[in-house]
*Asks:* 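The structure that follows is given in the form of structure tokens.
Computed from a predicted model, the values in this text were never measured in an experiment.
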Amino acid sequence: GEDVEQSLFLSVREGDSSVINCTYTDSSSTYLYWYKQEPGAGLQLLTYIFSNMDMKQDQRLTVLLNKKDKHLSLRIADTQTGDSAIYFCAERTGGKLIFGQGTELSVKP
Amino acid sequence: NAGVMQNPRHLVRRRGQEARLRCSPMKGHSHVYWYRQLPEEGLKFMVYLQKENIIDESGMPKERFSAEFPKEGPSILRIQQVVRGDSAAYFCASSYSQGATDTQYFGPGTRLTVL
């Protein structure tokens with residue numbers, strides 16, 4: 001079946017790196033995504049990775065994909081208080097996205 | 001270059017009433033998706049539509065819920081005879097096509113409260 005799992009909470013200090021982890025089940029997924037949701041807002045696409053890639057870097061964001069273990073991670077370097085939000089990973093199956101339950105990132109000054 | 005528009009942003013209904021949620025996709029996008037986010041949960045896929053066609057409705061409840069995307073105008077998600085359990089944030093997303101490279105861009109959501 002289709003299932004995406006994430007840890008629910010992560011707390012870091014400003015300036016540290018944050019690593020948010022995600023596991024998925026559908027090995028046929030072609031793209032995997034990271035979205036950010038701030039309180040009361042919609043989802044903002046942060047980055048995505050194609051399933052034949054191991055890593056993708058975009059400024060402060062690094063995505064690592066272990067396709068064998070179906071494990072995806074998002075690393076945020078030099079985390080800022082403005083990064084506090086809920087982060088969702090999602091796998092694409094056909095036309096639809098299957099989301100994890102979200103990881104709430106709290107950044108303390 | 002307007003993004004995905006949803007209205008209303010907040011909707012309050014009493015049990016038994018109807019709720020109509022609207023979504024205007026990004027300019028040039030012909031694919032629309034609806035997702036529901038229950039409190040403290042992630043987003044769950046409901047339905048995927050192209051103009052005048054329902055492509056995948058595997059996530060839609062069997063009763064009371066319907067969706068359309070007419071040739072002209074916004075996509076509509078309609079909930080008849082709402083119940084308290086329908087209270088949630090409903091998000092619409094759009095994409096240019098269904099290609100593997102096509103990203104879904106999300107609107108700000110409609111927060112439905114059923115009293």
Side-chain angles (χ1 to χ4, degrees), chain A residues 1-9 20-53 56 58 63 65 72 74 85-105, chain B residues 2-7 9-10 21 23-26 29-50 53-60 67 69 88-111 113:
Chain A
E2 304 157 344
D3 199 14
V4 179
E5 297 282 338
Q6 298 178 242
S7 53
L8 295 181
F9 300 101
I20 302 171
N21 294 301
C22 171
T23 57
Y24 62 98
T25 56
D26 187 352
S27 58
S28 66
S29 294
T30 51
Y31 280 87
L32 297 138
Y33 300 83
W34 284 102
Y35 284 87
K36 176 183 180 183
Q37 185 181 35
E38 297 185 35
L43 272 70
Q44 172 195 351
L45 176 67
L46 286 178
T47 187
Y48 62 90
I49 188 167
F50 187 48
S51 59
N52 70 351
M53 297 170 66
K56 180 179 179 182
D58 185 359
V63 179
L65 174 61
L72 182 72
L74 174 70
I86 300 177
Y87 290 80
F88 292 95
C89 68
E91 62 175 343
R92 183 164 186 160
T93 300
K96 64 188 179 189
L97 296 174
I98 308 298
F99 285 88
Q101 62 270 58
T103 299
E104 183 175 347
L105 175 64
Chain B
V4 179
M5 311 280 283
Q6 289 188 250
N7 69 82
R9 294 291 306 276
H10 300 273
L21 288 61
C23 169
S24 296
M26 285 179 70
H29 286 191
S30 59
H31 297 245
V32 165
Y33 314 79
W34 286 93
Y35 294 83
R36 177 166 65 175
Q37 185 178 32
L38 294 169
E40 310 298 327
E41 293 188 14
L43 279 75
K44 302 292 185 189
F45 169 79
M46 298 181 76
V47 63
Y48 162 34
L49 310 104
Q50 291 181 39
N53 285 304
I54 297 174
I55 307 302
D56 180 354
E57 56 182 347
S58 58
M60 286 281 268
F69 188 18
Y90 292 81
F91 291 96
C92 166
S94 73
S95 67
Y96 177 74
S97 75
Q98 202 216 330
T101 56
D102 265 353
T103 301
Q104 293 182 22
Y105 294 90
F106 281 78
T110 294
R111 280 150 182 85
T113 301

*Asks:* Which atoms of A:Leu45 are under 4.5 Å from chain B, going by heavy atoms: the side chain, the backbone, both sets, or neither?
*Replies:*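 Looking at A:Leu45, just its side chain touches chain B.
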
*Asks:* Residues two or more places apart in sequence or in another chain: which of them pass side chain to side chain donor-acceptor pair (under 3.5 Å) with B:Gln37?
*Replies:* A:Gln37

*Asks:* Just so I understand: if I count every heavy-atom pair under 4.5 Å between each of B:Phe91, B:Tyr105, B:Phe45 and chain A, which residue has the most?
*Replies:*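 So the answer, after comparing B:Phe91, B:Tyr105, B:Phe45, is B:Phe45.
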
*Asks:* Establish, yes or no, whether a centroid distance under 6.0 Å links the rings of B:Tyr35 and A:Phe99.
*Replies:*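 Yes - the distance between ring centres of B:Tyr35 and A:Phe99 falls below the 6.0 Å cut-off.
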
*Asks:* Counting only heavy atoms not in B:Lys44, do more than 12 sit closer than 6.0 Å to its NZ atom?
*Replies:*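 No, not enclosed.
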
*Asks:* Compare every heavy atom of A:Lys96 with every heavy atom of B:Ser58, then report the nearest pair and how far apart it is.
*Replies:* OG-NZ, 3.3 Å

*Asks:* Show the nearest heavy-atom pair for residues A:Leu43 and B:Phe106, with the distance to one decimal.
*Replies:*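 Looks like O-CB, 3.6 Å.
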
*Asks:* Test of understanding: with side chain to side chain donor-acceptor pair (under 3.5 Å), list the residues that count as partners of A:Thr103, not counting sequence neighbours.
*Replies:*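 Partners of A:Thr103 under the side chain to side chain donor-acceptor pair (under 3.5 Å) test: A:Gln6.
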
*Asks:* Minimum heavy-atom separation for B:Leu43 to A:Phe88, with atom names?
*Replies:* CD1-CZ, 4.4 Å

*Asks:* Are there more than 12 heavy atoms of other residues, nucleotides or ligands under 6.0 Å from atom CE of B:Met5?
*Replies:*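 Open.
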
*Asks:* Working note: B:Tyr48 + A:Leu97, criterion side chain to side chain contact (heavy atoms under 4.5 Å, CB included); need CA distance, chi angles, decisive distance, verdict.
*Replies:* CA-CA 10 Å; B:Tyr48 162 34; A:Leu97 296 174; over 6 Å; no

*Asks:* So which of A:Gly100, A:Ala90, A:Gly40 has the biggest tally of heavy-atom pairs under 4.5 Å with chain B?
*Replies:*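 Of the candidates given, the most pairs with chain B belong to A:Gly40.
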
